Amino acid sequence: AQSVTQLDSQVPVFEEAPVELRCNYSSSVSVYLFWYVQYPNQGLQLLLKYLSGSTLVKGINGFEAEFNKSQTSFHLRKPSVHISDTAEYFCAVSDQGGSEKLVFGKGTKLTVNP
Amino acid sequence: SQTIHQWPATLVQPVGSPLSLECTVEGTSNPNLYWYRQAAGRGLQLLFYSIGIDQISSEVPQNLSASRPQDRQFILSSKKLLLSDSGFYLCAWSRGQGSTDTQYFGPGTRLTVL
């Protein structure tokens, strides 16, 4: 079984500042890794995913994430945030040899202040 | 292009009343379908997962049930709602191509049980 830990439930930052949202996972098998974003009162949409290859993955809206197998981490970063990035961010994993079912973390609420 | 619809958008129901939430997907065939519940501070909990008509697996024991009367229709039901059923219910679909698949989420239904 897999589990996902998002270490920060809330992250407040000022506009144009850099941000890092942390994600660690635990699994006895190899996993694929995902970051989803949820804007207020909406469904989730995919930001990026790591399947294989380069450990640095670039996604939409200027976000990127780096897979670190030794630290079992998949932290999300953006060098300069905008007010419009205010949302909840979810890290998720799926079992490489299993079904499409995702295991989600509890989410990190990013608030970008002017 | 594919779209996913959920209705109603919001619902307020008394304890002990029945529930029916509907989800439909357009623009694809034979999708995998998912029902999630999102409660405050608890992330996303997978409730039901379906790979085809009459092929539904329940992920957690509860007083909810799911049905898939048509290929692209997924219904979440309850005979008697509990206070603990309150939350944000999200439907999602994927192409059924394995654990690298992206899940696409609907706009959600906010259910309040009083």
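Order of the sequence lines fixes the chain letters, A, B, ..., with proteins taken first and strands second; residue numbering starts at 1 for each chain. Here the structure is a predicted model, which is why all the values come from computation and not from measurement.
A salt bridge links B:D85 with B:R37: the distance from a Lys NZ or Arg NE/NH1/NH2 to an Asp or Glu carboxylate oxygen falls below 4.0 Å.
Put simply, of B:N32, B:L90, B:T100, B:T102, the one with the most heavy-atom pairs under 4.5 Å next to chain A is B:T100. By number of non-hydrogen pairs under 4.5 angstrom with chain A, the leading residue of B:G43, B:S99, B:C91 is B:S99. Contacts with chain A were tallied for B:S94, B:G108, B:A92, B:P107; B:P107 has the most, counting heavy-atom pairs under 4.5 Å. With respect to chain B, the highest number of heavy-atom pairs below 4.5 Å among A:L102, A:D95, A:V4 belongs to A:L102.
Of the atoms belonging to B:Q97, it is backbone heavy atoms, and not side-chain ones, that fall under 4.5 Å from chain A. A:L51 touches chain B through its side chain: at least one heavy atom from C-beta onward sits under 4.5 Å away, while N, CA, C and O do not. Only the side chain of A:E88 comes within contact range of chain B, with heavy atoms under 4.5 Å apart. Heavy-atom distances place both the backbone and the side chain of B:L44 under 4.5 Å from chain A. For chain A, the nearby parts of B:D101 are the backbone and the side chain; heavy atoms of each come within less than 4.5 Å.
Ring orientation note: the planes of B:H5 and B:W7 are tilted relative to one another, at an angle of 30° to 60°.
Taking the ring centroids of B:Y36 and A:F104, they lie under the 6.0 Å cut-off.
The NZ atom of A:K109 sits 10.5 Å away from the CZ atom of A:F90 when rounded to the nearest 0.5 Å. Distance check, rounded to the nearest 0.5 Å: CG of B:L21 to OG of B:S77 gives 7.5 Å.
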Residue pair A:Q38, B:F105: steps toward the side-chain contact (heavy atoms from CB on, under 4.5 Å) verdict: CA-CA 10 Å; A:Q38 183 180 32; B:F105 287 79; over 6 Å; no

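Geometrically, A:K78 engages A:F63 in a cation-pi contact defined by less than 6.0 Å to the ring centre and at most 45° from the axis.
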